[in-house]
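Inspection log for the structure reproduced underneath, given as structure tokens.
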Amino acid sequence: MNEMLQFLYRHGYSVVFVWVFAEQLGLPVPSVPLLLAAGALSGSGRMNLLAALVLAISAALLSDSIWFQLGRRKGVKILQFLCRISLEPDSCVRRTEGVFEKHGAKSLLIAKFVPGLNTAAPPLAGVFQMSRTRFLLFDALGAAIWVGAFLGLGYVFANEIERVAGPALRLGGGLLAIVTAAFGGYIAWKFLKRRKFIRELRIARISPEELKRKLDAGENLVIVDLRHSLDFEAAPETIPGAVHMDASELDDHAALLPRDRDVILYCT
């Protein structure tokens, strides 16, 4: 943190703008330590709090506007791209779509505090065809809450942050190695968990070509389209004869599915 404080002090407000813009664009450069450091510098009189606040909000709003426009133009495909590079691609699309569908524009107020929803919320607003004015209003309020919270914490606890920065600096590479090892262990655990899930899924998997052969042969199958309503609206084409229901409804309607025939489930 001490190095962060010195870096900010030397390079000024441009660092705040560029760093926040890059993180909100999706790059793995967390802004929270930087915002805390900027708040601490403001608390000690070495930085203007209002200028840092305006620059950080502007950076977040600019990157979010880019994602919003991509969501309007590319639809659900842009969200699927974001989730494909996430740590939990199997549940990312459905989780983020579900949250936004339930809370709408209000999701933008807290999205930046929620991992996964942070980057996904702006393109989702575009997918839902939210008006640009409404998006900018709620996104600006959400950015102000997020930036203000961490700048404010840094400002209030400026002395404590600088005091903690000393021991952290003395730990130096050791602290970095511990943090890196912990993060690497988390990534490895997620990877192994996903591989196990895919192996279990592969046991009961059927390829599109195999399903087509069964349908052409006249086999009496039950096909259930489990795509989220957003995905269904974006691409309403479905397999002939398929029943559409949300995955969350599957347990409630399980009794309606026949037990004397193969049931084929498919999703995104």
Side-chain angles (χ1 to χ4, degrees), residues 67-68 70-107 111 114-130 187-268:
W67 282 121
F68 173 74
L70 285 171
R72 296 190 88 176
R73 291 184 178 181
K74 300 294 184 179
V76 176
K77 290 181 179 179
I78 194 68
L79 179 63
Q80 292 172 343
F81 165 75
L82 287 173
C83 288
R84 194 174 296 120
I85 60 176
S86 76
L87 292 178
E88 296 182 328
D90 304 300
S91 58
C92 174
V93 174
R94 187 169 300 279
R95 184 175 63 247
T96 52
E97 287 176 337
V99 170
F100 204 87
E101 188 176 45
K102 182 178 180 181
H103 300 288
K106 294 178 182 177
S107 302
V114 182
L117 190 60
N118 179 19
T119 307
L124 263 176
V127 171
F128 273 91
Q129 295 300 310
M130 184 185 295
I187 295 293
W189 176 72
K190 281 289 186 182
F191 176 77
L192 293 173
K193 184 179 176 183
R194 175 166 165 74
R195 295 286 298 179
K196 181 175 180 292
F197 168 74
I198 291 176
R199 281 198 302 271
E200 293 172 352
L201 184 64
R202 192 174 290 124
I203 297 171
R205 195 174 180 88
I206 183 173
S207 69
E209 294 77 17
E210 189 178 353
L211 176 58
K212 179 67 164 57
R213 286 195 295 271
K214 287 178 175 290
L215 291 173
D216 290 342
E219 292 191 29
N220 193 10
L221 305 173
V222 177
I223 303 174
V224 184
D225 182 348
L226 292 177
R227 289 177 296 165
H228 190 276
S229 56
L230 267 182
D231 300 308
F232 187 78
E233 289 171 13
E237 298 83 4
T238 188
I239 299 173
V243 177
H244 179 253
M245 67 174 70
D246 193 272
S248 61
E249 302 171 339
L250 189 59
D251 287 339
D252 296 334
H253 295 87
L256 302 178
L257 299 177
R259 304 296 180 182
D260 58 343
R261 287 177 279 167
D262 285 340
V263 178
I264 310 295
L265 310 176
Y266 78 99
C267 185
T268 49

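Counting from 1, the numbers follow the sequence of the chain as shown.
- A heavy-atom distance below 4.5 Å is not found between the side chains of Asp260 and Asn220.
- The local environment of CZ in Arg73 is sparse, with at most 12 non-hydrogen atoms from other residues, nucleotides or ligands closer than 6.0 Å.
- Taking all atoms of both residues into account, the shortest heavy-atom contact from Pro122 to Trp67 is CB-CB, 3.8 Å.
- Between the CZ atom of Arg213 and the CD1 atom of Ile206 there is a distance of 8.5 Å, given to the nearest 0.5 Å.
- Considering only heavy atoms from C-beta on, Leu215 comes within 4.5 Å of Ile223 through its side chain.
- We find the CG-CG distance between Leu265 and Asp225 to be 10.0 Å, quoted to the nearest 0.5 Å.
- By the 4.5 Å heavy-atom criterion applied to side chains, Ile264 and Leu211 are counted as neighbours.
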Begin from the C-alpha positions of Leu226 and Tyr266 and carry the test side chain to side chain contact (heavy atoms under 4.5 Å, CB included) through to its verdict.
-> CA-CA 6 Å; Leu226 292 177; Tyr266 78 99; over 6 Å; no
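- Side-chain atoms of Leu221 and Arg261, non-hydrogen and from C-beta on, never get closer than 4.5 Å to each other.
- A 4.5 Å side-chain heavy-atom check between Val224 and Val263 finds at least one atom pair inside the cut-off.
- Smallest separation of non-hydrogen atoms from Arg227 and Glu237: NH2-O, 3.0 Å.
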